[in-house]
Amino acid sequence: MGRRPRNAEGKGGRALIMAGKDDKLSPATRLVTGGRSGDFADHVVNPPVWRASTHLYADCAALREGVKTNEDGRFFYGRRGAPTQWALCEALTELEPGAYGTVLYPSGVAAIVGSLMAVLKAGDVLLVTDNAYDPTRSAAMGILKRFGVEHRFFDPLDHAAYEAAFCERTKAIMLEVPGSLTFEVCDIPALARIARDKGATSILDNTWATALGFAGLSHGCDIVVTALTKHVGGHSDLMMGAASAGERWYRRMRQTSQQLGHVVSPDDAALALRGLRTMGIRLERESATALALAQWLEAREDVAHVLCPMLPGAPGHETWRRDFTGGCGLFSFVLKGRDDAARCRLVDALQLFGIGYSWGGFESLALPFHVEPIRSRMAWPKPGWGVEDRYAIRLSIGLEDPQDLIADLERGFAAMNEG
Ligand SMILES: *Cc1c(COP(=O)(O)O)cnc(C)c1O
């Protein structure tokens with residue numbers, strides 16, 4: 001599943017949606033027009049859900065001819081996708097400046113590991129940012145290690161240590177911005193440039209900002225991975241991942257993914273396309289609410305730190321402002337000198353915030369988390385903080401009214417301080 005050759009001519013000869021070819025369109029418009037210019041979407045707004053394992057051939061000659069081509073946009077067998085998946089790939093490719101194609105994966109983790117397996121082989125060394133999503137760390141320490149790939153974790157804010165971590169076998173860098181749970185904003189252009197100079201491939205987990213908020217390939221990365229489970233799905237009912245890249249890495253990822261037998265269902269692809277159309281306004285709304293909540297939290301005496309790159313004065317804000325065109329509703333805050341029991345009283349008292357993993361849906365979530373077990377290089381509490389300022393909560397802000405969310409948090413803090 002991947003790239004699809006475009007034919008913008010409708011059956012009646014009229015060009016229906018040609019917008020995908022226009023480089024000047026803004027991302028907001030691309031969210032609407034993306035993936036709608038192909039042969040298969042004529043005369044309906046959304047591509048139909050093509051449920052198919054088997055594609056039928058006209059005759060034996062057509063069957064034999066089919067084996068000779070392995071191209072996107074040509075039916076072969078269900079595992080290589082059908083128009084619903086191809087339309088989603090095309091829409092995601094159009095959103096990512098510099099991308100030649102996009103490969104879909106059954107989850108965000110599958111996209112991360114699938115990309116790493118496309119790039120690496122036994123004997124290679126992988127550098128992993130120390131603040132990566134925990135399952136990314138686990139994959140480096142688990143399956144990749146078992147298949148002969150070594151890894152080293154690095155602090156993405158310490159460029160000297162990062163450069164020193166390279167050796168001649170270093171072939172790939174796994175980046176993520178902002179850092180998982182702790183929201184450090186590293187200098188992606190600088191880290192990717194160093195990797196390129198040393199002949200290593202940069203892979204970026206861009207799930208937080210999406211292509212709307214950060215153009216990963218234009219900032220020097222070679223492969224950009226997104227967990228579509230989060231903002232693209234947007235409704236907490238879908239698991240999927242994607243990786244976009246220029247032609248060379250796109251072809252390698254597509255081949256590797258076919259060999260691993262990855263496939264996503266057409267029903268899920270249709271849901272992802274539906275989510276994608278409204279992602280822009282959802283991100284705008286949740287970012288605005290998150291910023292209001294971050295400011296409200298910052299003013300509280302029982303909050304020691306607010307880790308939200310969009311918040312002026314917060315760690316990483318300047319780099320975020322330099323490189324990003326948007327943010328999202330996911331951020332953390334650290335309680336001032338409280339313990340885990342106090343933190344649990346706060347979270348348990350919340351009525352609008354669900355308690356759960358994942359994020360990027362229309363509903364708000366709160367997650368108490370422990371950083372210490374999932375860092376090898378970066379200190380927690382952070383340098384300069386009080387030693388007791390360690391108990392943190394991550395919030396994923398949804399589409400509720402901001403005042404209702406603040407009232408809910410008031411209730412949580414009251415419960416915490418009564419205990
Ligand atoms: C959730 C998430 C993933 C993994 O996505 P799944 O679809 O849950 O496998 C990867 N990276 C980040 C930053 C995430 O938040």
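This chain uses plain numbering: 1 for the first residue, then up along the sequence. Read the numbers this way: they start at 1 and go in the same order the structure lists the ligands and their atoms.
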**Q** Hey, which atoms in ligand 1 end up nearer than 4.0 Å to a heavy atom of S107?
**A**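 Every atom of ligand 1 under 4.0 Å from some heavy atom of S107: 7 (O), 9 (O).
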**Q** Of M239, M240, M253, which is the lone residue that meets side-chain contact (heavy atoms from CB on, under 4.5 Å) with Y105?
**A**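 In the set M239, M240, M253, the residue that makes a side-chain contact (heavy atoms from CB on, under 4.5 Å) with Y105 is M253.
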**Q** Taking atom CD as the centre, does E372 end up with more than 12 heavy-atom neighbours from other residues, nucleotides or ligands that are less than 6.0 angstrom away?
**A**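 Counting neighbours around CD of E372, more than 12 heavy atoms of other residues, nucleotides or ligands fall under 6.0 Å, so yes.
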**Q** Parallel, tilted or perpendicular, judged at 30° and 60°: which one describes the rings of W86 and F75?
**A**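 Answer is tilted, since the angle falls between 30° and 60°.
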**Q** Would you mind running through ligand 1 and noting each atom that sits below 4.0 Å from a heavy atom of A227?
**A**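 Heavy-atom distances to A227 below 4.0 Å select 2 (C), 3 (C), 4 (C), 5 (O).
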**Q** With a cut-off of 6.0 Å (strictly less than), are more than 12 heavy atoms of other residues, nucleotides or ligands near CZ of R345?
**A**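 Enclosed: over 12 neighbouring heavy atoms sit under 6.0 Å from CZ of R345.
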**Q** Give me the nearest non-hydrogen protein atom to atom 7 (O) of ligand 1 as residue plus atom name, then the distance to 0.1 Å.
**A**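 Protein heavy atom at minimum distance: T229 OG1, 2.5 Å.
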**Q** Considering heavy atoms of the protein only, find what lies nearest to atom 4 (C) of ligand 1 and give residue, atom and distance to 0.1 Å.
**A**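 Protein heavy atom at minimum distance: Y133 CE2, 3.4 Å.
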**Q** What orientation do W385 and W380 show, parallel under 30°, tilted 30 to 60°, or perpendicular over 60°?
**A**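 Rings of W385 and W380: perpendicular, over 60°.
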**Q** Give me the residue, atom name and distance of the protein heavy atom closest to atom 6 (P) of ligand 1.
**A**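 I find the closest protein heavy atom is G108 N, 3.3 Å.
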**Q** Side chains of R51 and V49: does their closest heavy-atom pair fall under 4.5 Å?
**A**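 With C-beta onward as the side chain, the pair touches.
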**Q** For this output row, return yes or no: ring centroids of W359 and H231 closer than 6.0 angstrom.
**A**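 Ring-ring flag for W359/H231: true, centres closer than 6.0 Å.
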**Q** Any atom of ligand 1 sitting under 4.0 Å from a heavy atom of W359?
**A**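 So W359 counts as touching ligand 1.
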**Q** I want to confirm something. Looking only at heavy atoms, which of H231, M239, K230 is nearest to atom 14 (C) of ligand 1?
**A**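 Shortest heavy-atom distance from atom 14 (C) of ligand 1: K230.
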**Q** Any nitrogen or oxygen of V109 lying under 3.5 Å from a nitrogen or oxygen in ligand 1? Just yes or no.
**A**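 N/O-N/O distance below 3.5 Å exists for this pair.
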**Q** Consider ligand 1: state whether an atom of it lies below 4.0 angstrom from any non-hydrogen atom of I112.
**A**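 Within the 4.0 Å threshold, so yes.
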**Q** Out of T207, D205, L330, who is nearest to atom 11 (N) of ligand 1 when you count heavy atoms only?
**A**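 Result: the heavy atom closest to atom 11 (N) of ligand 1 is in D205.
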